[in-house]
2 protein chains.
Amino acid sequence: MAEKAAGGGVQSVERVFELLELITDAGGEVTLSELSASTDLPLPTIHRLLRTLVMKGYARQLPNRRYALGPRLIRLGEGANKQLGALARPQLKMLVDRLGETSNMAVLDSDMVVYIAQVPSSHSMRMFTEVGRRAHTHDTGVGKAILAQLDNETVRNIVTRAGMPTPTEKSIGSVEQLLEELENIRERGYSIDEQEQELGVRCFAMAVPDAPTPTAISVSGPISRVDESFADKAVPLLRSAAQAISDDLNLAS
Amino acid sequence: MAEKAAGGGVQSVERVFELLELITDAGGEVTLSELSASTDLPLPTIHRLLRTLVMKGYARQLPNRRYALGPRLIRLGEGANKQLGALARPQLKMLVDRLGETSNMAVLDSDMVVYIAQVPSSHSMRMFTEVGRRAHTHDTGVGKAILAQLDNETVRNIVTRAGMPTPTEKSIGSVEQLLEELENIRERGYSIDEQEQELGVRCFAMAVPDAPTPTAISVSGPISRVDESFADKAVPLLRSAAQAISDDLNLAS
DNA sequence: CTGCTGTTTCCGTAATATGGATATTATTAT
DNA sequence: ATAATAATATCCATATTACGGAAACAGCAG
């Protein structure tokens with residue numbers, strides 16, 4: 001065929017998920033022609049693929065003729081979420097109980113991190129991060145902890161594709177600076193988000209070793225509470241939690 | 001060709017989603033051979049399909065060699081959720097503000113309902129239903145409201161496949177009884193869950209007209225607060241909320 | 001009503017996914 | 001430890017499957 005294309009996957013399957021991702025990126029609603037503009041698939045092909053999705057309930061067709069994500073995806077998403085989150089939640093809970101700050105778990109998904117589990121702290125002033133939310137890798141504790149596990153080549157690719165916005169003046173803005181920081185993290189064994197994503201918020205994070213997908217956990221809170229003495233307590237606890245999750249993942253029933 | 005098979009969808013796509021559903025049904029982890037037992041697809045086919053999913057991040061392969069749902073599904077699920085939920089949330093909020101009880105929206109997904117949006121009441125004693133949760137149709141307010149929109153033939157199929165457990169002594173236990181109840185609902189225009197799912201909890205629900213997927217909204221709370229005078233206020237509000245959601249859905253931007 | 005843009009259906013073509021047979025790796029029994 | 005067993009992964013010839021150009025069919029704007 002024309003393009004030398006992919007590796008060894010089933011094309012229709014790859015395409016159908018590409019379409020679903022595009023719909024998601026577009027905010028949930030797309031027209032056929034918008035899709036054919038974003039991909040370089042011919043219209044009839046896209047139409048046939050979408051029709052299959054609609055028939056099975058993984059996409060909906062609105063009265064506008066637009067296409068949207070279908071309700072059956074909710075269940076699959078919840079399933080994926082639960083599967084990963086269930087293992088982690090007890091450990092995150094332990095962190096919150098002992099440290100009093102919000103704890104999160106996130107995985108690398110393409111070039112961004114997705115939060116897949118959270119146990120909020122009881123403080124009224126606390127981090128607000130919703131499960132399912134995506135964030136950049138270079139300006140979050142979990143993101144940097146994950147990047148530190150990868151080789152510099154891969155890191156470069158990721159941040160190049162995802163971009164490096166600087167939400168605060170403390171954010172890391174260049175790849176060189178990031179690689180340097182990652183070297184520190186590798187030595188230290190954990191990452192610190194020092195008000196890089198939001199002013200006033202500090203976060204300690206650590207990668208989960210040997211996870212099937214690059215994964216990290218974190219605790220975060222306002223700098224007033226999350227200080228040096230907090231770190232002294234937090235780091236060993238993070239380490240044991242990460243190890244426990246790793247064990248659960250790898251010996252999983 | 002051998003089998004006269006399906007209608008007009010792309011087979012690999014249908015198969016791949018069937019596999020994902022099976023993994024979800026199995027609680028998140030399956031072996032190849034378990035899958036080949038549940039479907040009647042040959043092993044190499046399943047393997048190839050799963051490999052494609054794994055490569056793209058929609059499935060994970062555990063160190064056990066087992067297959068599980070992948071993290072990228074989380075994002076799609078959240079997207080689908082948000083898309084439907086976003087339209088509904090303002091209306092649900094209105095119901096909670098005016099009525100003081102928890103409000104939910106659910107859709108029919110195969111033979112069960114899935115809750116896709118919720119606005120909790122401020123009462124400390126309130127319904128606990130998580131978004132993403134699945135419930136039977138015959139013992140929930142939203143479920144019965146949805147069934148009442150379908151013809152009896154379809155209803156029979158659904159409850160036959162899903163079963164009719166009776167969590168309380170008030171629950172409907174037979175198809176005949178259910179069809180009778182649905183007739184009442186059709187006349188009345190709304191459904192009542194009279195402690196059928198949980199003792200002490202009453203719920204009023206109404207279908208969202210002309211929804212692309214059968215959809216319903218509800219308000220529910222303890223019978224002490226959710227009484228006859230509550231119904232008088234609630235029913236007109238439910239009706240206008242359902243209509244508003246319907247309009248949003250159908251004129252969607 | 002007429003001309004347009006975008007969506008859907010048709011259908012011949014061949015590229016695509018298929019699955020039987022085989023090689024490889026884990027797992028259990030000896 | 002070593003061998004037998006069962007599961008998973010890879011090959012590759014075949015034809016069924018999905019493909020996409022072209023043409024019909026809506027919706028909309030003028």
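No experiment lies behind these values; they were computed from the predicted model shown. So that the names make sense, note that chain A is the first sequence line, chain B the second, and so on, each numbered from 1. Values below: every heavy atom of this structure, side chains too, minus hydrogens, waters and symmetry copies.
A donor atom on one side chain and an acceptor atom on the other are found under 3.5 Å apart for B/Thr154 and B/Asp151.
Nearest-nucleotide positions on DNA chain C for B/Leu49 and A/His47 put A/His47 closer to the 5' end. Along DNA chain D, the nucleotide nearest B/Leu32 and the nucleotide nearest B/Ser12 are compared for position; the residue whose nucleotide lies closer to the 5' end is B/Leu32.
Straight-line distance from the CE atom of A/Met55 to the P atom of C/dT9: 11 Å, rounded to whole Å. At whole-Å resolution of the value, CD in A/Glu14 and P in D/dC19 are 12 Å apart. Protein atom CZ of A/Arg48 is 12 Å distant from nucleotide atom C1' of D/dG21, rounded to whole Å. Rounded to whole Å, the distance from CG on A/Leu53 to P on C/dT8 is 14 Å. Across the protein-nucleic acid pair, A/Leu19 atom CG and D/dC19 atom P stand 11 Å apart, rounded to whole Å.
Between B/Ser33 and D/dT8, a side-chain N or O to OP1/OP2 separation shorter than 4.0 Å is present. Put simply, B/Arg66 has no side-chain N or O that comes within less than 4.0 Å of OP1 or OP2 on D/dA7. Put simply, B/Arg15 has a side-chain N or O that comes within less than 4.0 Å of OP1 or OP2 on C/dT18. Between B/Tyr67 and D/dA7, a side-chain N or O to OP1/OP2 separation shorter than 4.0 Å is absent. Neither OP1 nor OP2 of C/dG6 sits under 4.0 Å from any side-chain N or O of A/Thr31. For D/dA18, the OP1/OP2 oxygens have a side-chain nitrogen or oxygen of B/Gln11 closer than 4.0 Å.
Look at B/Arg72 and A/Glu21 and you find a salt bridge, because one of the NZ, NE, NH1 or NH2 atoms lies within 4.0 Å of a carboxylate O, short of that distance. In summary, A/Glu34 and A/Arg66 do not engage in a salt bridge, as defined by a charged side-chain N under 4.0 Å from a carboxylate O. With salt bridges taken as basic N to acidic carboxylate O contacts below 4.0 Å, one links B/Arg186 and B/Glu183. Ion pairing of A/Glu153 with A/Arg156 is absent here, as no side-chain N (NZ or NE/NH1/NH2) approaches a carboxylate O to less than 4.0 Å.
Ring-plane geometry between A/Tyr190 and A/Phe204 is classed as tilted, the angle between the planes lying from 30 to 60 degrees on a 0 to 90 degree scale.
For B/Pro44, counting side-chain heavy atoms from C-beta on, the closest listed nucleotide (D/dG20, C/dT7, C/dG20) is C/dG20. Of the candidate nucleotides C/dG19, C/dT8, D/dT8, D/dT8 has the atom nearest to the side chain of B/Gln61. Comparing C/dT18, D/dG20, C/dT9 by their nearest atom to the side chain of A/Arg51 picks out C/dT9.
Within the 4.0 angstrom heavy-atom criterion, base atoms lie near A/Thr45. Among the heavy atoms of the strands, none lies under 4.0 Å from B/Leu41. Residue contacts shown for B/Pro42 are limited to sugar-phosphate atoms, with no base heavy atom under 4.0 Å away.
The residue from A/Ile146, A/Val159, A/Val142, A/Leu150 that alone fulfils the side chain to side chain contact (heavy atoms under 4.5 Å, CB included) condition with A/Thr137 is A/Val159.
The distance from the OG atom of A/Ser191 to the CG atom of A/Asn184 is 11.0 Å, given to the nearest 0.5 Å.
Over its length, the helix from C/dT8-D/dA23 to C/dT30-D/dA1 turns its helix axis by 50°, as judged from the five terminal pairs at each end, rounded to 10°.
In this model, no side-chain donor or acceptor of A/Arg65 finds a partner on the base of D/dG27 within 3.5 Å.
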